[in-house]
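Following: one structure in structure tokens, then a few remarks.
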Amino acid sequence: MRADKILANMGYGSRKEVKKLLKKGGFSVNGETVKDGKVHVDPDKDMLEVFGERLEYKQFIYLMMNKPQGYVSATEDLKESAVTEILEAEDALYNPFPVGRLDKDTTGLLLLSNDGKLAHKLTSPKKKVDKTYLVHLDSPVSEEDIDSLEKGVTLDDGYVTRPAKVERIEGKEADTVRITIHEGKFHQVKRMFQTRGKKVIRLKRERIGPLYLDETLDLGTYRELTEDELQNLINST
């Protein structure tokens, strides 16, 4: 792979910025300075360094975050705190973005990646990727409510949702349920329950396709996906 391509993929700037870095002699391969961005190197075999620091090359990054309340699912926002502000510098270098979105006050599983192809597959309505949420409501859910949601409801803008799956949770009150949908309309879960005259008090996403939230992650923390988790995600699309 070309040296300038590797540096750009690793978040070292635009083509112009990478060219400046190379001209300054900031990039070396196996101990030798490389100033020509057209030079091809093998990131799997060669030792790469940027200003003396070892560069572990990887094209894509896949992060599982337990999103806290108060953050918007965006790379940046002029008014609100964005989830990318939680990332450490070494992860932010890859410029990952939220795959899908969670509302500002919704917590739970959020995938961040710079793999656009996988992100598109996971969020495309055609793929029908399941998303499961734990929902706390202001009033009990009746069998009639469940039946209606599982058949599909008409939202306030006239959109008819696809059938959902609603489960009661053993040991929980009737105002707490688990719902699985495979769409991603704006505030969809909240608006679905609004059609039944109910208000969502708390909302937490637990699953995207085969990927489940690691419950050992505290709110506002994250980790990279394991190889098994990533492969399962890829296979599911």
Side-chain angles (χ1 to χ4, degrees), residues 62-74 80-83 86 98-113 119 122-123 125 127-153 155-156 159 161-223 225-226 228-230 232-233 236-237:
Y62 306 90
L63 304 173
M64 174 194 295
M65 177 182 289
N66 187 356
K67 178 189 170 297
Q69 289 185 335
Y71 287 81
V72 295
S73 297
E80 307 285 355
S81 297
V83 290
I86 296 173
V99 178
R101 61 172 178 260
L102 288 180
D103 299 336
K104 180 181 176 181
D105 57 351
T106 300
T107 63
L109 176 59
L110 183 64
L111 177 65
L112 296 102
S113 177
L122 289 172
T123 56
K127 295 295 182 179
K128 299 181 180 179
V129 177
D130 286 346
K131 293 173 280 288
T132 300
Y133 299 82
L134 183 65
V135 191
H136 298 267
L137 300 148
D138 64 345
S139 59
V141 177
S142 67
E143 291 302 321
E144 185 180 350
D145 293 329
I146 293 176
D147 184 62
S148 178
L149 292 165
E150 291 192 333
K151 288 179 179 177
V153 293
L155 302 183
D156 47 15
Y159 178 79
T161 65
R162 292 173 180 171
K165 181 180 180 182
V166 183
E167 305 169 78
R168 296 192 184 280
I169 304 173
E170 187 175 349
K172 295 284 187 180
E173 298 294 333
D175 59 1
T176 302
V177 295
R178 184 171 282 120
I179 185 170
T180 299
I181 62 175
H182 43 255
E183 299 157 289
K185 298 296 181 182
F186 184 67
H187 292 319
Q188 182 169 335
V189 173
K190 295 175 181 177
R191 292 163 66 201
M192 288 175 71
F193 280 99
Q194 281 176 0
T195 68
R196 302 302 304 168
K198 302 186 186 306
K199 181 179 179 181
V200 173
I201 304 300
R202 293 195 305 279
L203 187 62
K204 174 185 177 183
R205 183 157 67 190
E206 299 179 315
R207 179 173 72 95
I208 302 172
L211 182 65
Y212 285 82
L213 175 66
D214 182 347
E215 296 291 350
T216 66
L217 284 176
D218 292 330
L219 281 170
T221 64
Y222 66 94
R223 65 165 173 79
L225 296 190
T226 66
D228 284 345
E229 288 170 338
L230 177 57
N232 288 336
L233 263 188
S236 73
T237 60

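Remember, predicted model here, so these are calculated numbers, not experimental data. Residues take their numbers from the sequence shown, with the count starting at 1.
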| remark: Rounding to 0.5 Å, atoms CG (L63) and CG (L225) come to a distance of 7.5 Å

| How long is the span from the CG atom in L155 to the CD atom in Q194, to the nearest 0.5 Å? | 9.0 Å

For [X], all residues meeting salt bridge (Lys or Arg N to Asp or Glu O under 4.0 Å), sequence neighbours excluded:
{"X": "E183", "value": "none"}
{"X": "K104", "value": "E80"}
{"X": "D228", "value": "none"}

| message | Tell me which one of L213, V177, I169 satisfies side-chain contact (heavy atoms from CB on, under 4.5 Å) with L134. | response | I169

| note | In L203, L110, L109, the residue satisfying side-chain contact (heavy atoms from CB on, under 4.5 Å) with L102 is L110

| said: Contact between N66 and D214 at the side-chain level, heavy atoms closer than 4.5 Å - yes or no? | reply: no

| field | Non-hydrogen side-chain atoms of T195 and S148 separated by less than 4.5 Å | value | no

| query | What salt bridge (charged side-chain N to carboxylate O under 4.0 Å, His left out) pairs are there with at least one residue in residues 127-142, not counting sequence neighbours? | reply | D130-R207

| field | Residue pairs, two or more places apart or on separate chains, that pass salt bridge (charged side-chain N to carboxylate O under 4.0 Å, His left out) and touch residues 184-197 | value | D103-K190, D105-K190, E144-R196, D145-R196, D156-R191, D157-R191

| message | If you apply the rule side-chain contact (heavy atoms from CB on, under 4.5 Å), what do you find for V99 with Y62, and how did you get there? | response | CA-CA 10 Å; V99 178; Y62 306 90; over 6 Å; no

Indicate the atoms forming the closest heavy-atom contact of [X] with [Y], along with that distance.
{"X": "P68", "Y": "L219", "result": "CA-CD2, 3.9 Å"}
{"X": "L149", "Y": "M192", "result": "CD2-O, 3.7 Å"}
{"X": "S73", "Y": "V83", "result": "CA-CG2, 4.2 Å"}
{"X": "L111", "Y": "L122", "result": "CD2-CD1, 3.7 Å"}

| message | I'd like to know whether L211 forms a side-chain contact (heavy atoms from CB on, under 4.5 Å) with N232, so could you lay out the CA-CA distance, the side-chain angles of the two residues, the decisive distance to 0.1 Å, and finally the verdict. | response | CA-CA 8 Å; L211 182 65; N232 288 336; over 6 Å; no

| message | Give me each pair satisfying side chain to side chain donor-acceptor pair (under 3.5 Å) with a member in residues 164-175, each pair once, sequence neighbours excluded. | response | E143-R168

| Polar contact flag, side-chain donor to acceptor under 3.5 angstrom, T107-K204 | no

